[in-house]
Amino acid sequence: MERKEKAAAVAAALAAAYPDPRCALDYAKDYELMVAVRLSAQCTDARVNLVTPALFAAFPTLEALAGADIAQVEELVRTCGFYKHKARDIVLACQMLLTDYGGKVPGTMEELLRLPGVGRKTANLLLGDLYHMPGAVVCDTHCIRISNRLGLAQGKEPEKVERQLREILPPEGSSDFCHRIVLHGRAVCTARKPQCQNCTLAPWCAYLTGEG
């Protein structure tokens with residue numbers, strides 16, 4: 001089975017298993033998603049969702065967060081890890097949204113990558129979730145691991161995996177595909193002990209057949 005055909009079969013199986021592929025991060029405004037994704041680096045989404053309510057209550061507007069004392073933000077996000085870097089990036093990114101983008105999270109990869117703390121993974125997530133941009137491929141650890149196990153991609157470098165997946169995924173479904181991969185990675189295809197006997201993707205898995 002060629003990779004594009006396999007990708008279509010995997011996407012259909014994931015859609016049946018996870019019909020509601022929403023981002024696990026809680027947010028109400030576009031910049032809140034940007035902030036939450038920055039906090040999620042090397043941190044669980046569950047932990048981020050515990051932290052952001054107090055952060056957004058303390059700084060309820062983009063202007064408030066852009067003008068925040070970084071030390072105060074550090075204290076509020078401390079439990080997310082790497083809190084000094086994250087707090088600084090959040091405040092500076094919010095300032096740039098106001099000075100350069102009219103108070104809105106921009107809608108192109110090039111503009112998003114200018115923001116402090118925003119890499120390709122974050123930019124793709126923002127493009128997919130905020131703008132429903134076709135072709136947005138979010139390569140987090142779950143996506144990379146499972147794509148390799150299935151034989152849809154090779155390698156662990158996020159940008160290379162992103163490029164390989166973009167070649168075989170229908171652009172209009174790529175963002176949902178990545179959200180579903182994350183859900184599957186947490187529920188079934190875990191890093192240390194994948195539950196292969198319960199896996200809906202088993203028929204296409206190179207890891208199981210020894211091809212991966």
Side-chain angles (χ1 to χ4, degrees), residues 18-140 142-143 162 171-183 186:
Y18 309 98
D20 187 20
R22 289 181 296 176
C23 177
L25 295 167
D26 297 334
Y27 69 97
K29 305 169 186 175
D30 61 351
Y31 73 88
E32 291 182 353
L33 179 58
M34 179 193 73
V35 169
V37 178
R38 180 66 187 99
L39 291 174
S40 71
Q42 306 298 313
C43 181
T44 66
D45 291 348
R47 166 58 58 184
V48 173
N49 288 339
L50 291 174
V51 167
T52 49
L55 176 65
F56 297 146
F59 305 102
T61 65
L62 176 62
E63 290 78 7
L65 197 47
D69 179 350
I70 292 178
Q72 188 176 352
V73 176
E74 288 177 1
E75 288 305 309
L76 289 166
V77 305
R78 179 182 291 268
T79 59
C80 289
F82 302 99
Y83 64 94
K84 288 184 178 292
H85 294 293
K86 292 179 180 181
R88 177 180 177 277
D89 285 344
I90 286 168
V91 173
L92 293 180
C94 288
Q95 290 175 358
M96 187 176 284
L97 291 185
L98 290 172
T99 58
D100 292 19
Y101 299 119
K104 293 290 293 180
V105 173
T108 70
M109 176 67 72
E110 293 72 22
E111 290 172 316
L112 287 167
L113 291 178
R114 291 186 62 226
L115 295 168
V118 174
R120 290 191 65 86
K121 183 182 80 170
T122 297
N124 272 303
L125 191 146
L126 294 172
L127 290 173
D129 280 46
L130 297 178
Y131 293 101
H132 309 291
M133 187 78 69
V137 176
V138 182
C139 279
D140 74 341
H142 295 291
C143 181
E162 175 191 331
E172 66 279 2
S174 59
S175 180
D176 285 348
F177 177 91
C178 293
H179 281 316
R180 288 177 173 124
I181 280 282
V182 170
L183 294 172
R186 289 172 177 161

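In this structure, the side chains of Val138 and Cys143 stay at 4.5 Å or more apart for every pair of heavy atoms. In this structure, the side chains of Ile90 and Leu39 come closer than 4.5 Å at one or more pairs of heavy atoms. Pro53 has its side chain out of reach of Asp26: every pair of non-hydrogen atoms, C-beta onward, lies at least 4.5 Å apart. Put simply, the side chain of Pro116 does not reach to within 4.5 Å of the side chain of Arg88, judged on heavy atoms. Between Val37 and Val118 the shortest side-chain heavy-atom distance does not fall below 4.5 Å.
The salt bridge (Lys or Arg N to Asp or Glu O under 4.0 Å) check on Glu75 picks up Arg78, with sequence neighbours excluded. Take Thr79 and apply the side chain to side chain donor-acceptor pair (under 3.5 Å) test, not counting sequence neighbours, and it matches no residue. Under the salt bridge (Lys or Arg N to Asp or Glu O under 4.0 Å) criterion, Glu74 pairs with Lys84, not counting sequence neighbours. For Lys29, the salt bridge (Lys or Arg N to Asp or Glu O under 4.0 Å) criterion is met by no residue, not counting sequence neighbours. Phe59 meets the ring-ring contact (aromatic ring centres under 6.0 Å, His included) test with no other residue; sequence neighbours excluded. Residues satisfying the side chain to side chain contact (heavy atoms under 4.5 Å, CB included) criterion with Leu62, sequence neighbours excluded, are Tyr31, Cys94, Leu97, Leu98. Under the side chain to side chain contact (heavy atoms under 4.5 Å, CB included) criterion, Leu113 pairs with Met109, Arg120, Ala123, not counting sequence neighbours. Under the rule for a side chain to side chain contact (heavy atoms under 4.5 Å, CB included), the partners of Val182 that lie at least two apart in sequence or sit in another chain are Asp140, His142, Arg186.
The CG atom of Asp176 lies 9.5 Å from the CG atom of Asp20; values are rounded to the nearest 0.5 Å. To the nearest 0.5 angstrom, Gln42 atom CD is 5.5 Å from Phe82 atom CZ. Distance CG/Asn124 to OG/Ser175: 8.5 Å, rounded to 0.5 Å. Once rounded to the nearest 0.5 Å, the distance linking SG of Cys23 with CG of Leu125 reads 5.0 Å.
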* Asked: side chain to side chain contact (heavy atoms under 4.5 Å, CB included) between Leu112 and Thr122: does it pass, once the steps are laid out?
  -> CA-CA 9 Å; Leu112 287 167; Thr122 297; over 6 Å; no
* Candidate pair Asp30 and Lys104, rule side chain to side chain contact (heavy atoms under 4.5 Å, CB included), full reasoning -> CA-CA 7 Å; Asp30 61 351; Lys104 293 290 293 180; 3.3 Å; yes
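In this structure, the side chain of Lys86 engages the main chain of Ala41 through a donor-acceptor pair within 3.5 Å. Remark: the backbone N or O of Pro21 is not paired with any side-chain donor or acceptor of Arg180 at under 3.5 angstrom.
Between Cys80 and Arg47, the closest heavy-atom pair is SG-CG, 4.2 Å. Between Cys43 and Val48 the shortest heavy-atom distance is SG-CG2, 4.0 Å. The minimum heavy-atom distance between Val77 and Ala87, with the atom names listed, is CG2-CB, 4.4 Å. Ala136 approaches Ser174 most closely through the heavy-atom pair O-OG, 2.9 Å. Taking every heavy atom of both residues into account, Ala93 and Met34 meet most closely at CB-CE, 3.8 Å.
Counting only residues at least two apart or in different chains, salt bridge (Lys or Arg N to Asp or Glu O under 4.0 Å) contacts with residues 49-69 are absent. Applying the side chain to side chain donor-acceptor pair (under 3.5 Å) test to pairs two or more places apart or on separate chains, those with a residue in residues 89-103 are Arg38-Asp89, Asp100-Arg114, Tyr101-Arg114. For residues 128-139, the pairs satisfying side chain to side chain donor-acceptor pair (under 3.5 Å) are Asp129-His179, with sequence neighbours left out.
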